[in-house]
There are 2 protein chains.
Amino acid sequence: MATSSASALSFTETLSLLSLSLASFAVIANTFQGDGAPLVASLAFSGLAFASSYSMIRWLGPTFMKAGLKGKDMSKVNKKEIPETMGAVCAVVYLLIITVFIPFPFYKDIVAATSGGGNRDVVLETIEHVQNGRFLHKFPHNKLASYLSAILTVQSISILGIGDDLFDIRWRHKFFIPGIASIPLLIVYFVDFGVTHIVVPIPLRPYLGELLQLGPLYYLYMFAIAIFCPNSINILAGINGIEVSQSLVIACLLVINDCYYLLNPYPHPATDSHLFSLYMLLPFIGVSLALWWHNWYPSRVFVGDTYCYFAGMVFAVVGILGHFSKTLLLLFIPQIFNFIYSAPQLFRIVECPRHRLPRFNARTNLMEPSVTEWVSPPKPVIVIFLKVLHQLHLLRVTTNEKGIITESTNFTLLNLWLVWFGPKREDRLAIEILAMQTVVGLFGLFVRHNFALLLFEKDNLKGIL
Amino acid sequence: MATSSASALSFTETLSLLSLSLASFAVIANTFQGDGAPLVASLAFSGLAFASSYSMIRWLGPTFMKAGLKGKDMSKVNKKEIPETMGAVCAVVYLLIITVFIPFPFYKDIVAATSGGGNRDVVLETIEHVQNGRFLHKFPHNKLASYLSAILTVQSISILGIGDDLFDIRWRHKFFIPGIASIPLLIVYFVDFGVTHIVVPIPLRPYLGELLQLGPLYYLYMFAIAIFCPNSINILAGINGIEVSQSLVIACLLVINDCYYLLNPYPHPATDSHLFSLYMLLPFIGVSLALWWHNWYPSRVFVGDTYCYFAGMVFAVVGILGHFSKTLLLLFIPQIFNFIYSAPQLFRIVECPRHRLPRFNARTNLMEPSVTEWVSPPKPVIVIFLKVLHQLHLLRVTTNEKGIITESTNFTLLNLWLVWFGPKREDRLAIEILAMQTVVGLFGLFVRHNFALLLFEKDNLKGIL
């Protein structure tokens, strides 16, 4: 009974979601007529995405629990079970929304092109006209394959993420899961676009020339981005709300960056890329906000690896197909730090327990750094390594009366933050990390837009990494 | 221990699968160079698809059982639990294979088109040349979006099928699941192709004209096909191996039909459609054979709703994008019969138990028709309906001494077959149904290719239903 009422929407919620949905439908119906304004439609679709994920996350809670998709919140006094893998709901809603959105940016072209009798060859004859005649927010029809490959890749990572949540795959295997999911993206890039040269930064041009043909290395680079983004979000995790919140921060910073390009006079060479990015990110923000609402401290649902993979892959796809993966990486600085910092444990140089999330102290109700206990003393070289990190304030090491290391804090950004600033309540820790992430990200964007001209004479050529 | 050894491949199996894989790789490496021969590559990929699904079905058995994806075989004396939802493995392997296959039919075009510097605009200028220069087995590049939408749709039904198997959705809800999955197909059809007129059969032309513009009705028709195919396979189920076997029969008949077109002089207007069909069906046969091996009587794994949906959707996609959905339906005659015959129970006109599969008689080791018991006597109109069917030999009704109906056999083709021809062993029943399906299908193809000219003056115009 308790489950059933917890899974029902309140009257206020029903009314708000219903109004939001109706307003969104009205806007969509309006933009579909006339010349259309895909960006407005995309905003309305994002409203729909929010409303439907919000309701489905609530309604499906008991169903997920019944199917065994549930987990205990370890950082609470009352460790009750709540639904897990709710990211799968977000992913499915997201995929449906961006699929249904397709006719909005792509519709106009084909109407002009097939009026006459539906023969495909007409497209070829009139496409020049269509391209000249099109205006802001519309895509040339030949971008459809790229867009579809983006959807395919996000869908692949969702299937594989659900598999991961179901079967609890080992870390060293699951590390490569996003790589498999990126195959559709890379293959279609190869067949449909195939540009693998990059613009060389000015200081290096005397040695490398203006354009550098990377060939297969470029695919390796895209593959690495696709593996890094999902995994890096997946390992900056462990406290309520942190996975969704960090993704929302990245998504919002990317949207700010996109808007910067849209304000430039059209046609800036990168406008299309950043429109594409907005079309992908706005519905993502919609579904993520709905999940955030239920996942923020104290969590009523868990997001699952599915969400982390899904979110990271949306960013990777946007960065790769939008050709701004370097800018993307600037927004991943905290995740990159956490990834490098975690490496000693991930690659088993230092012992790694099953869970590395901060430890909940039930007496104080605060989070403390979690530790790895050294049952037998570490090897001499590891001792030096740990002690140097301790001196640099990058770790806290506990020694016994003989000076032998008995404990060291786990290698995650969250634990390090607690080492630096002392125990905190779970939501306070999340807020501080997110504030830091936002500041670092904004600084990254500032640097990128003010100093990039020192390295490249033009902002965003086609084919730039 | 028993599970672990049952999940290992024998030495002979390992050797055979390894040889098959190596041979396939060699063929693929060969076709990728030079002019390429996508059809040969597709055959080799299908070999890979078989080898990898075969091994993964075996290896993942214990993992699936541990995650709760398991079921009891009710039609055996020893009702032991075996892995369920193995169709998910097939679907994932299939999706990966047809994605990796993309560069084979599509590669040549773009090489000609982007040689020069990777600028996309070059494609538009040279496409006429490319189209003239291309030869059998190669697709024009603008078909890529269709191909991708096919993959997307099959992937969508796989996600939703897995959801169905996990959450055990009610029949009246899950009936529409394939409809949701067909959205990418319909949307891309709308944006990318958009042809909705059909060729009118000659006898009707005085009234309707030569071409009939169906508009939205055409989308409704495609939607109906996409809902019908997966569901109809899903309800002709319940005995070992029947789901995979019937799908294999349909796939093979479709392949025969495709080959018929390839033997015609090129370019027959329908050649491309039937090549597309082959590229989709050959790997499907590969993964299905691997599943069949483990699912045939006595089953070592179950296929799950995932497989039925997946298989049905592959057929729907091939029929819709290949523009031969009418021919497709000719191969679904047993399923159509079973669907219509099941309707009274599916729509609750007659009582419907949870399971309608034939009943296993442990004493004789034979399958017998399963029955619905009428605890209270049926309504008069239902009595008449049941008795008429009984008279027509389309049902077996049992009455008590007062002439009141106490039992009626369940409305499925499998039960009806047992009513007609008496109790049979499970595999014998499957074989007879499959033989009947093959004969009916071959007859359908014969009629289609010999009498279609009475209705249409040309064989396969573009835009034909």
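Scope of the values below: all heavy atoms of this structure, side chains included, with no hydrogens, waters or symmetry mates. Protein chains get the first letters and strands the later ones, always in sequence-line order, with residue 1 at the start of each.
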For the candidates [options], which exhibits the highest count of non-hydrogen atom pairs separated by less than 4.5 Å from chain A?
{"options": "B/Ser156, B/Gly68, B/Gly163, B/Ala88", "answer": "B/Ser156"}
{"options": "B/Leu166, B/Asp168, B/Leu95", "answer": "B/Leu166"}
{"options": "B/Val92, B/Val188, B/Ile162", "answer": "B/Val188"}

| message | Working to the nearest 0.5 angstrom, can you tell me the gap between A/Ile159 CD1 and B/Leu96 CG? | response |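 So the CD1 of A/Ile159 and the CG of B/Leu96 are separated by 10.5 Å.
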| task | To the nearest 0.5 angstrom, please state how far the CD1 atom of B/Ile180 sits from the OG1 atom of A/Thr99. | result | 12.0 Å
| task | Could you tell me whether the side chain of B/Leu69 reaches within less than 4.5 Å of the side chain of A/Phe167, counting heavy atoms only? | result | yes
| task | Tell me, for B/Val100 versus chain A, whether the close heavy atoms (under 4.5 Å) come from the side chain, the backbone, both or neither. | result | both
| query | Where do B/Ala145 and A/Leu144 come nearest, in terms of heavy atoms and distance? | reply | CB-CD2, 3.8 Å
| query | Do you know the tightest heavy-atom contact between B/Pro103 and A/Ile187? | reply |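 Scanning both residues completely, I find the closest heavy atoms to be CD-CG2, 3.7 Å.
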| request: Measure distances from A/Leu186 to the heavy atoms of chain B and classify the residue's part below 4.5 Å as side chain, backbone, both or neither. | output: neither
